[in-house]
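Here's the structure we're looking at; comments come further down.
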Amino acid sequence: MKNVLKFFKVVFLSVITGGLYGAYWLMKNLYDDPSKDRKTMTGSEKTADQAQSDLVSYGIQYILRK
């Protein structure tokens with residue numbers, strides 16, 4: 001029984017921590033200026049930055065859906 005409770009405790013805390021980190025990541029990238037380092041980025045870095053921006057906007061749209 002103790003092992004089952006430990007398992008659920010770990011799962012619960014992982015979900016809480018992941019949710020908090022996810023919210024932090026969304027808010028950080030929502031207000032981040034994407035053009036600040038664009039001049040020094042390579043092509044793959046620009047693509048990754050655009051993909052990250054797209055993920056943030058998709059996440060916000062998912063949260064705000066009705």
Side-chain angles (χ1 to χ4, degrees):
M1 189 67 177
K2 264 186 164 179
N3 289 337
V4 173
L5 289 176
K6 284 182 185 179
F7 172 76
F8 283 117
K9 179 181 174 183
V10 168
V11 169
F12 177 73
L13 291 175
S14 298
V15 168
I16 295 295
T17 304
L20 290 175
Y21 180 72
Y24 163 75
W25 184 78
L26 280 175
M27 295 310 286
K28 177 187 169 294
N29 289 313
L30 182 65
Y31 296 110
D32 194 18
D33 184 16
S35 62
K36 64 181 176 189
D37 295 328
R38 290 260 180 188
K39 294 176 183 163
T40 59
M41 286 183 175
T42 63
S44 61
E45 289 175 331
K46 286 181 183 177
T47 304
D49 187 52
Q50 184 61 43
Q52 188 175 12
S53 297
D54 290 345
L55 281 174
V56 169
S57 44
Y58 296 152
I60 296 296
Q61 288 177 1
Y62 178 77
I63 290 170
L64 297 177
R65 76 185 192 289
K66 290 186 178 184

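Excluded from the calculations below are hydrogen atoms, water molecules and symmetry mates; all remaining heavy atoms, backbone and side chain alike, are included. Keep in mind that this is a model prediction, so the values were computed, not measured.
With values rounded to the nearest 0.5 angstrom, Y62 atom OH is found 4.0 Å from R65 atom CZ. A distance of 12.5 Å separates OH in Y21 from OG1 in T17, rounded to the nearest 0.5 Å. Here K9 contributes atom NZ and S14 contributes atom OG; the two are 11.5 Å apart, rounded to the nearest 0.5 Å.
Hydrophobic clustering, with ILVMFWY side chains joined whenever heavy atoms are under 4.5 angstrom apart, keeps I16 apart from F8. Linking Ile, Leu, Val, Met, Phe, Trp and Tyr residues whenever their side-chain heavy atoms come within less than 4.5 Å leaves F12 and V4 in two separate clusters. When the side chains of ILVMFWY residues are joined at heavy-atom separations under 4.5 Å, either directly or via intervening members, L13 and L5 end up in two distinct hydrophobic clusters.
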